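Report on the following structure.
Computed from a predicted model, the values in this text were never measured in an experiment. Labels below follow one simple rule: chain letters A, B, ... track the order of the sequence lines, proteins then strands, and each chain is numbered from 1.
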Amino acid sequence: MADHVPANAGWFENLDPSDVDSLASSITEGSTTEPQDWPSRAIESNFADDEDDYYARLHEATVEATRQAVRERERADDQQLKHAVRAMDDCERVANELAERVSEWAGSLGMDVAGVDGAREVAARDPEPGEEQLVSLAERTAELADEADDLRSFVESRAPGVAPNLSALAGPVLAARLIALAGGLEQLAKMPSGTVQVLGAEDALFAHLRGQGSSPKHGVIFTHEYVRGTRPDERGPAARALAGKLTIAARVDHYSGERRPELDDELDRRIHRIRTRGEDDD
Amino acid sequence: MTESGDAPLPDGVTRRSFDGEDRLATRGDPVYGEPTDGEWRLWDARRSKLGAMLELGMDTGLDGGETVLYLGAASGTTVSHVADVAGPTYAVEFAPRPARDLVDVAETRPNLFPLLKDARKPETYAHVVEASVDAVIQDVATRGQARVARLNRRFLADSGRLVAAIKARSEDVARDPGDVFEDVLESLRQDYEVLATESLAPFHEDHLAVVATPR
């Protein structure tokens, strides 16, 4: 027998039937132009004893290969999420800035409007002579705000697929922000929870390290109800507890991808304890 | 065995009464919370284009027990029923999120082989999927559905069947579905002899079921 892989080779060719990892990667990476009667060929080459044995091995290898390939592809999706949430923040920020400009300009023409909603109001006007440029700017502003809304919907629909546990605990938008700040789900999964706690508060953290000011208690996770909704003197502990659970969620998402609803309960209970201690016995 | 339509159902597919209504059912592990009656589980024609074809009495040429290549398996709803009644069943799906569910469906079905592959690139799975399968079942929601069917002709036995659900909106959202179907059929006829076509309404709007055999 030749020991090189023939040009038109099946997924099993020259591989050890017990080496599931190699068989799975052959399924994922292999290719050939024309299909053959692979079951017969596998039996002839002693890869399988009979047809049943062949299909059992094929089942094991395809399930393993597809599970791995899905995980890898979903990891690439975290980068799409990163770009989308950054673009969403950019669009929101610029839309708000432009909306301020629109309301200032509109004020000079006797209109009293404010914010993005105000810009939408101006955009809907049938422009009177002299207002064309203002209405045009307001239209652009409203469109940019629409784009931000679309991006938010995109993030909300994608984040649970990329990081199901993190999205459940943090909400999809905060989950995407944490992934973006870390640079990816893998990077987030490898961070200590103290780093996750202050992600997004880098300015304050470095000021503290230079000896100016106190160490920040929280970064973007402040937007989470479990931090913001906790009374100020307990926000530090709440942020630490939340960051701890989010870190675990990110690790489960990265390494297994399975949804683990018990994480939600653990977090709920932990925050409840923090919020009620001092009120009665801890 | 048939109560509506003319064609016999494949072996392993039957009609059972669910909530007083006669519905299609197969025997297997439940996968998506579908109603069950003993060991039988409901095959919902509204959630499955192949189910709708059988419900409408279309002659798909499927008898049960055949070797199947299923293109566009999504999260495995339809292909789980196919694997309940067919022999070796290869399930190709391109999107990772539904493929994750497909793997779970395949786990308990030893004759179902999930593949995360692009049906437009058959050379990426021709080293796995065997030659001369009895049926290619196609439900891919991408532009170029006729091309997908023609590219995958290489897997089909000469006497085999192509059973495809063609979605008009995947080709062109703006064009009249009738015109879209005509173009798709014209392209298919270069490699296949079209045996039957049927609209999948009212179960699926703007979908045309096509049964064909290689030329």
Open item on the list: Looking at A/Arg41 and B/Glu130, is there a salt bridge between them, counting it only when a charged N and a carboxylate O are closer than 4.0 Å?
Closed with: no
Open item on the list: For B/Asp19, is the CG atom crowded, meaning more than 12 foreign heavy atoms sit under 6.0 Å from it?
Closed with: no
Task: Which atom of B/Glu107 lies closest to which atom of A/Arg67, heavy atoms considered - done: OE1-NH2, 2.6 Å
- [ ] Compare all side-chain heavy atoms of A/Asp37 with those of B/Ser132 and state whether any distance is below 4.5 angstrom.
- [x] no
Open item on the list: Are there over 12 heavy-atom neighbours, none belonging to B/Arg143, within less than 6.0 Å of that residue's CZ?
Closed with: no
Open item on the list: Tell me which of these, A/Arg71, A/Glu34, A/Glu72, A/Glu29, has more heavy-atom pairs under 4.5 Å with chain B than the rest.
Closed with: A/Glu34
Task: chain A contact via B/Lys117 - which portion, at a heavy-atom distance below 4.5 Å - done: side chain
Task: Interface residue of largest heavy-atom contact number with chain A, from B/Ala106, B/Pro122, B/Pro110, under 4.5 Å - done: B/Pro110
- [ ] Only one of B/Leu116, B/Leu112, B/Leu115, B/Val103 passes side-chain contact (heavy atoms from CB on, under 4.5 Å) with A/Thr62; say which it is.
- [x] B/Leu115
Task: Sidechain-backbone polar pair: A/Arg73 side chain, B/Phe94 backbone, donor-acceptor under 3.5 Å - done: yes
Task: Closest heavy-atom pair and its distance - B/Thr124, A/Ser31 - done: CA-CB, 4.3 Å
Task: Heavy atoms from other residues, nucleotides or ligands near CD of B/Glu186 exceed 12 (cutoff 6.0 Å) - done: no
TODO: Look only at the side chain of A/Trp38 and the backbone of B/Ala126, and say whether a donor-acceptor pair between them is shorter than 3.5 Å.
DONE: yes
Task: Inter-residue atom distance A/Thr33.OG1 - B/Arg154.CZ, 0.5 Å rounding - done: 7.0 Å
Open item on the list: Heavy-atom cut-off 4.5 Å, strictly under: side chain, backbone, both or neither for A/Gln36 against chain B?
Closed with: backbone
Task: For chain B, the option from A/Ser26, A/Pro39, A/Pro35 that forms the most heavy-atom pairs under 4.5 Å - done: A/Pro35
Open item on the list: With heavy-atom distances below 4.5 Å as the criterion, would you say the side chains of A/Ile27 and B/Phe113 are in contact?
Closed with: no
TODO: Could you look at B/Val128 and say if it's the side chain, the backbone, both or neither that has a heavy atom under 4.5 Å from chain A?
DONE: both
Open item on the list: Need one label for B/Tyr90: side chain, backbone, both or neither, based on atoms under 4.5 Å from any heavy atom in chain A.
Closed with: side chain
Open item on the list: Heavy-atom cut-off 4.5 Å, strictly under: side chain, backbone, both or neither for A/Ala69 against chain B?
Closed with: both
- [ ] Taking the side chain as every heavy atom from C-beta outward, state whether A/Thr32 and B/Glu123 have any atom pair closer than 4.5 Å.
- [x] no
